[in-house]
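This report concerns only the one structure given below.
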Amino acid sequence: MTNTKIHQTIRTSYQNLQAQLENFVPRRAQNYLVAEITKTLCGEYHKKNRMIVAEAGTGIGKSLSYLMAAIPVAFLSQRKVVISTATVALQEQLINKDLPLFRRITDLNFSFLLAKGRQRYCCAEKLANACGADGQQMAMFETKPKRKDIELLETMYRSLAQGKWDGDRDSWPKSIDDHIWQLIVSDKHSCNNSMPSHRGCPFQKARSELDKADVIIANHSLVMADADLGGGVILPEPEETIYVFDEAHHLPHVARDHSAAAASLKGAATWLERLNQSVTKFSGLADEKRVARFRNELQDAVQQLIPSLTQLAGRFDPAHFSENIYRFEHGDLPDWLAAESKDLKQLSNKGAQATAKIADLIAERVKDGEVAARLAEPALAELGFYIQRMDNLAQVWQLMAEPPRDKGAPLARWLELSPEREGDFIVNVSPLEVGWQLDQQIWSRCLGAVLVSATMRALNSFNFFCRQAGISDKAEDGTRFLALASPFDYQNQAELRVPKMKYEPQAKEFTEYLIEILPNQIKDKKANLVLFSSYWQMNQVAEALDKQFIKKGWALQIQGKESRNEILNKHKTLVQCGKTSVLFGTGSFSEGLDLPGELLENLIITKIPFGVPTSPVEQAHAEYIEHKGGNPFMQITVPEASKKLIQSVGRLLRKERDSGTVVILDRRLVTKRYGSALLDSLPPFKRVIE
């Protein structure tokens, strides 16, 4: 399909957009973004690397921009578009608002669908087993099930059988507890598409619909799950796909979490014992001559793994743990543990391969009509549990046994005291840098990629994100970079104020000082949002000021006390009635909270949102940068804080007629060397530095 036809289709849709929307105001930045995405995806800048990284501020209309550009390029060349988000809220906006609007204004008859991972669907066979005989139930439940759990499972089973429920966790009328869902969740082993009764199971039904869709909405986690499987397993083949990553600044962290693995020691020994007792039952359903070797291999591996894991748990001393965690510095293991890890890697790999092979042999016999499906399917569903656990165990010990790397960052490795079983330990492994993996799995394979977010840069540069995401920022490599400012008149619409302060946030008196000065910063009869960097500090301040606020007739609502929807609905009602509404929130209220117009006119940020490297992965990353002679504070902490601060101030102006004040109660913006860089990266509000 020629680029001329693509450009014509985009022009038509833009003309129709003006006719569709009342009070439509053409935005130069939006036009430019549509044009640049189109040129990039059509290969006008670089034939092979069709990739664009764009920071598009609030009010530009970035979601409609990438829909108008990416869908025609893909549809007219008979390819697919996968739009990946970090939040459910954005998925809902795309499904319910943006995509229906674009379909009305375009001449393309495209279809779209929301994709979910297997873990959102139940396995019909597992659900049947959970409602079956006591023996089957006990294989699935680690402890004796409660009557109410059994009743819930039976209700779900009937609803699925009667077609009243589609097996999607999100469509069940009430929240399903994790411990119940894990019993019936679909997995790649138990959900076997080669077996007739599984072709109509919830996940397979959803998957077959997905194949027909032109545009697929997913989340970053599902895209990474598909990439880990080699690509094209859950979602379309990367080579046939244009990816759009909205809220792309979250992608590196999601990718890192996907590459991590964890398994307990004594807990694993317990389920391995149960597997050992069931091996004969499973292998009895397969051809004896062919299965004998794998049964022996599995029994041999399991009978060595159980004592090895149990004894290993006895070699760690909780006295050496700090806050229930022991981290191996630089990812280095003591020689004895490195040797033990190699043995456990071999045994767990051997066990995982043998378990999967036994399942394959049973499925073959069912397919050939040699074993009745009603006998084999419960066993295959149960076996699916063990295959999943064996694969995870093998992944943990594969990473633990990996030798030190000559290049790049080491793996973060640590132990954690098990919260569920006394004297047990959880072994954790995680990579520190995943950019090379994103490049290998997605960037170097896909047809094209669009990465957008309102906060892609840190300290006015794309470098920090590029390092994390494995994207080359060299001009000759062809990736396009755009930074488009919001269409707001910042100087006249809003004021940024840094008041005089007696203390800086690191002072021990700061919380008490906040309690003293905060009432003076609240605007009466207006909508106020106060953002804190910690739950502890927020709750301390809230507790101290609650009665004072009530006396003044101010309504205080605190994040976490009620659901987000309830808080926001109450806030809207109060504002509409002309009352003073004060919201207290932490990190998640600084991103994705949309309070346009009079719903937010006074935003107070109590401190620069510096993250403290508390997780073992963050600590290991800081240690690695120091080891290389770098400064983790300037290389990680300050750029991350810059992004979070931009997101926080972005809550104030959502539409072109909004106005208000941002107050930052942190003098480090003025007193510290890095402060000016943080201030310069914020929108150009009118500034008052007291």
Side-chain angles (χ1 to χ4, degrees), residues 6 9-10 13 30 32-43 45 49-56 60-77 79-103 106 108 110-115 210 213-224 226-227 231-232 234-252 254-255 438 441-443 445-456 465 469-471 479-482 484:
I6 291 167
T9 297
I10 293 169
S13 64
Q30 186 177 45
Y32 186 56
L33 182 56
V34 173
E36 288 300 291
I37 292 173
T38 307
K39 288 178 188 174
T40 302
L41 295 178
C42 287
Y45 291 122
N49 184 20
R50 302 182 182 199
M51 191 169 184
I52 181 167
V53 179
E55 180 178 277
I60 284 174
K62 62 180 179 297
S63 52
L64 202 52
S65 299
Y66 60 65
L67 297 180
M68 291 173 79
I71 292 175
V73 175
F75 189 84
L76 294 170
S77 55
R79 304 290 170 75
K80 305 272 190 176
V81 176
V82 170
I83 302 170
S84 180
T85 77
T87 61
V88 173
L90 181 52
Q91 286 187 339
E92 288 172 350
Q93 179 193 312
L94 287 163
I95 290 280
N96 300 324
K97 183 183 166 192
D98 297 333
L99 279 160
L101 170 61
F102 180 59
R103 197 152 57 177
T106 185
L108 305 175
F110 70 91
S111 58
F112 61 87
L113 203 63
L114 177 65
L210 208 59
D214 302 304
V215 178
I216 296 161
I217 299 91
N219 61 27
H220 299 342
S221 187
L222 182 60
V223 174
M224 290 316 305
D226 186 56
I234 306 167
L235 300 169
E237 295 280 349
E239 290 78 6
E240 298 295 312
T241 302
I242 289 172
Y243 290 94
V244 177
F245 290 97
D246 201 340
E247 303 175 312
H249 60 283
H250 288 288
L251 185 62
V254 174
L438 283 166
Q441 293 178 333
I442 300 176
W443 314 141
R445 292 178 61 188
C446 68
L447 192 67
V450 179
L451 291 90
V452 292
S453 169
T455 47
M456 197 73 90
F465 176 75
I471 297 167
T479 300
R480 296 287 293 167
F481 293 94
L482 285 185
L484 302 170

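For Gln30, there are no side-chain hydrogen bond (donor to acceptor under 3.5 Å, both in side chains) partners at least two apart in sequence or on another chain. By the side chain to side chain contact (heavy atoms under 4.5 Å, CB included) test, Leu108 pairs with Thr9, Ile71, Pro72, Phe75, Leu76, Thr106, Phe110, sequence neighbours left out. Listed by chain and number, the residues in a ring pair (Phe, Tyr, Trp, His ring centres under 6.0 Å) with Phe481 are Phe462 (sequence neighbours excluded). Partners of Thr455 by side chain to side chain contact (heavy atoms under 4.5 Å, CB included), not counting sequence neighbours, listed by chain and number: His249, Ser453, Ile646, Gln647. Here Ser84 pairs with His220 under the side-chain hydrogen bond (donor to acceptor under 3.5 Å, both in side chains) rule; sequence neighbours left out.
Within the model, atoms CD1 of Ile442 and CG of Leu251 stand 6.5 Å from one another, a figure rounded to the nearest 0.5 Å. Taking CE of Met456 as the start and CG of Leu484 as the end, the distance is 11.5 Å to the nearest 0.5 Å. In this structure, CG in Leu33 is found 6.5 Å from CG in Leu482, a value given to the nearest 0.5 Å. A distance of 14.5 Å separates CZ of Arg480 from CZ of Arg50, quoted to the nearest 0.5 Å.
The heavy-atom pair separating Gly448 from Leu41 by the smallest distance is CA-CD2, 4.0 Å. Between Lys80 and Ala213 the shortest heavy-atom distance is NZ-O, 2.6 Å. In plain terms, the two heavy atoms of Gly232 and Pro238 that are nearest each other are N-CD, 3.9 Å. The two residues Ser111 and Asp214 have their closest heavy-atom pair at N-OD2, 2.8 Å. Scanning both residues, Leu235 and Asp226, for their nearest heavy atoms gives N-OD1, 3.3 Å. Ser63 and Leu94 get closest at one heavy-atom pair: CB-CD2, 4.1 Å.
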From CA spacing to verdict: side chain to side chain contact (heavy atoms under 4.5 Å, CB included), Val73, Leu447 | CA-CA 11 Å; Val73 175; Leu447 192 67; over 6 Å; no
May I have the step-by-step check of side chain to side chain contact (heavy atoms under 4.5 Å, CB included) for Leu99 and Ile217, ending in yes or no?
-> CA-CA 10 Å; Leu99 279 160; Ile217 299 91; 3.4 Å; yes
Which is it for Phe112 and Ile95 under the side chain to side chain contact (heavy atoms under 4.5 Å, CB included) test, yes or no, and what are the steps along the way?
-> CA-CA 8 Å; Phe112 61 87; Ile95 290 280; 4.1 Å; yes
Extract all donor-acceptor atom pairs below 3.5 Å that involve side chains of residues 240-247 and protein atoms in other chains or at least two apart in sequence.
| from | atom 1 | to | atom 2 | distance (Å) |
| --- | --- | --- | --- | --- |
| Glu240 | OE1 | Arg79 | NE | 3.1 |
| Thr241 | OG1 | Glu237 | O | 2.7 |
| Asp246 | OD2 | Tyr66 | OH | 2.7 |
| Glu247 | OE1 | Ala86 | N | 2.7 |
| Glu247 | OE1 | Thr87 | N | 3.0 |
| Glu247 | OE1 | Thr87 | OG1 | 3.2 |
| Glu247 | OE2 | Thr87 | OG1 | 3.0 |

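Proximity of a side-chain donor or acceptor of Thr40 to a complementary backbone N or O of Met51 within less than 3.5 Å is not detected. A donor-acceptor pair under 3.5 Å is absent between the side-chain atoms of Trp443 and the main chain of Ala449, judged by distance alone.
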